[in-house]
Participant: 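Structure provided below as structure tokens; questions to follow.
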Amino acid sequence: MELREFQELMRDAVRKNGLSPLSEPAEEAFWAFAMHLLRVNEHVNLTAIRNVPDVITKHFVDSLLVSAYLPEGARVLDLGCGPGFPSLPLAIARPDLRIVALDSTDKKIRFLFDTATLLHLPNIEAVTGRAEDAAVRRRLGAFDAVVSRAVARLNLLSELCLPYVREGGHFLAMKGAKGEEELQESANAIGLLGGRVLSADEKLLVLLDGSSEPRVLIDVQKVKKTPPQYPRAYAAMLKKPL
Ligand code: SAH
């Protein structure tokens, strides 16, 4: 797809979803990112989304919906970023953020690293590893915000994410229609890990075909230190969820 056609679709999606307009260099970066993603995805399985309009709404715009919750200059961890969602769109639209993108799958992190290099993004660091790994745990409590999309149910996700948030910072869980229900079952986990739920904002993600999908953004503030045993080994989390 040519840049002009992409720009029109992207502007339309940004406007319909109430986001602030992107700069022209940012639009060009999103275009290059979309073309690169769909090209690489032909031989490396990175995403089930295989057409430009869906990449724009379900990956790019959906990722940008969390931007309003991230303060200027924030240190952000994207936990389980996959090929870079929400981290890469945020790095493009918000050069002020300092982002660490973490995923346990090396081929996804390699894609993210190559994309960040291609797009000249200096504000994103790509890390292969699991949230429970000793090497990653060195960063416990080091982030103003931890964001995560489509990684695990909220009780488990809270154990992975909240330990990485500094006191006073935020854990922002990007959820779908089940968000509220998952929140009900996670009250205990969130409290134990030092979090307090501030809000669960429901929005409709407007797609370019005119349909829409519910998105629930759960904002948890870290109000006290997480006990040092968290996150536990993954097997222990699955066996005895908080
Ligand atoms: N956030 C991306 C990818 C979601 S798929 C998106 O919304 O498109 C879930 C990703 O989480 C997978 O790539 C998987 O490798 C990663 N993941 C799952 N558990 C993890 C853990 N404990 N630590 C780091 N990454 C994890």
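Atoms within a ligand are numbered from 1 in the order they appear, just like the ligands themselves.
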Participant: Return the closest protein heavy atom for atom 23 (N) of ligand 1 as residue, atom name and distance.
Facilitator: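 Protein heavy atom at minimum distance: Ala131 N, 3.0 Å.
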Participant: Is it the case that ligand 1 has an N or O less than 3.5 angstrom from some N or O of Glu132?
Facilitator: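 Among all N and O atoms of Glu132, at least one is under 3.5 Å from an N or O of ligand 1.
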Participant: Which atoms of ligand 1 are found less than 4.0 Å from any heavy atom of Cys81?
Facilitator: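 What qualifies from ligand 1 is 1 (N), 2 (C), 3 (C).
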Participant: So with a 6.0 Å cut-off around OH of Tyr69, is the heavy-atom count from everything else above 12?
Facilitator: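 Enclosed: over 12 neighbouring heavy atoms sit under 6.0 Å from OH of Tyr69.
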Participant: How does Leu160 reach ligand 1, if at all, at less than 4.0 Å between non-hydrogen atoms: by side chain, backbone, both, or neither?
Facilitator: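 The side chain, only.
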Participant: Would you check whether Asp103 has a nitrogen or oxygen atom less than 3.5 angstrom from a nitrogen or oxygen atom of ligand 1?
Facilitator: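 It does: an N or O of Asp103 is found under 3.5 Å from an N or O of ligand 1.
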Participant: Does ligand 1 have an atom that lies less than 4.0 angstrom from a heavy atom of Gly129?
Facilitator: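 Per 4.0 Å heavy-atom rule, Gly129 contacts ligand 1.
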Participant: Should Pro83 be counted as touching ligand 1, given the test is an N or O pair under 3.5 Å?
Facilitator: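 For ligand 1, there is no N or O atom that lies under 3.5 Å from one belonging to Pro83.
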Participant: Any atoms of ligand 1 less than 4.0 Å from a non-hydrogen atom of Lys108? List them with their elements.
Facilitator: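 Under 4.0 Å from Lys108, ligand 1 has these atoms: 12 (C), 13 (O).
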Participant: With a 4.0 Å cut-off, would you call Arg153 and Glu185 a salt bridge?
Facilitator: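 Between Glu185 and Arg153 there is a salt bridge, with a charged N closer than 4.0 Å to a carboxylate O.
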Participant: If you define the side chain from C-beta out and look only at heavy atoms, does anything of Val55 sit under 4.5 Å from Thr47?
Facilitator: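 In short, these two side chains do not touch, never coming nearer than 4.5 Å.
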Participant: With a sphere of 6.0 Å drawn around CD of Glu2, does it hold more than 12 non-hydrogen atoms of other residues, nucleotides or ligands?
Facilitator: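 Atom CD in Glu2 is not packed in, count stays at 12 or less.
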Participant: Kindly determine whether Val14 and Phe60 satisfy side chain to side chain contact (heavy atoms under 4.5 Å, CB included), including the steps that lead there.
Facilitator: CA-CA 9 Å; Val14 160; Phe60 295 169; over 6 Å; no
Participant: Does this structure show an ion pair linking Arg137 with Asp133, if we count only N-O contacts that are shorter than 4.0 Å?
Facilitator: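 No salt bridge links Arg137 with Asp133.
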Participant: Under 3.5 Å between any N/O of Val151 and any N/O of ligand 1: does that happen in this structure?
Facilitator: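 Checking ligand 1 against Val151, no N or O pair falls under 3.5 Å apart.
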Participant: Other residues, nucleotides and ligands only: do more than 12 of their heavy atoms fall within 6.0 Å of NZ on Lys107?
Facilitator: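 Enclosed: over 12 neighbouring heavy atoms sit under 6.0 Å from NZ of Lys107.
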Participant: Among all the protein's non-hydrogen atoms, which is closest to atom 7 (O) of ligand 1, and how far away is it?
Facilitator: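 I find the closest protein heavy atom is Arg149 NE, 2.6 Å.
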Participant: Show which atoms of ligand 1 fall inside a sub-4.0 Å distance from at least one heavy-atom site of Gly80.
Facilitator: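 It comes down to these atoms of ligand 1: 1 (N), 2 (C), 3 (C), 4 (C), 10 (C), 11 (O), 16 (C), 25 (N).
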Participant: So is there a nitrogen or oxygen of Ala150 less than 3.5 Å from a nitrogen or oxygen in ligand 1?
Facilitator: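 For ligand 1, there is no N or O atom that lies under 3.5 Å from one belonging to Ala150.
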Participant: Would Arg130 count as a polar contact of ligand 1, with the cut-off being nitrogen or oxygen pairs under 3.5 Å?
Facilitator: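 Yes; at least one N/O pair falls below 3.5 Å.
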Participant: Salt-bridged, Glu159 to Lys240, with N to O below 4.0 Å?
Facilitator: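 Salt bridge: no.
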Participant: Closer than 3.5 angstrom, by distance alone: can the side chain of Lys222 be matched with the main-chain N or O of Leu162 as a donor-acceptor pair?
Facilitator: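 Side chain of Lys222 to backbone of Leu162: a pair is present.
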Participant: For atom 26 (C) of ligand 1, find the nearest protein heavy atom and state the residue, atom name and distance (0.1 Å precision).
Facilitator: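 Its nearest protein heavy-atom neighbour is Ser104 OG, 3.6 Å.
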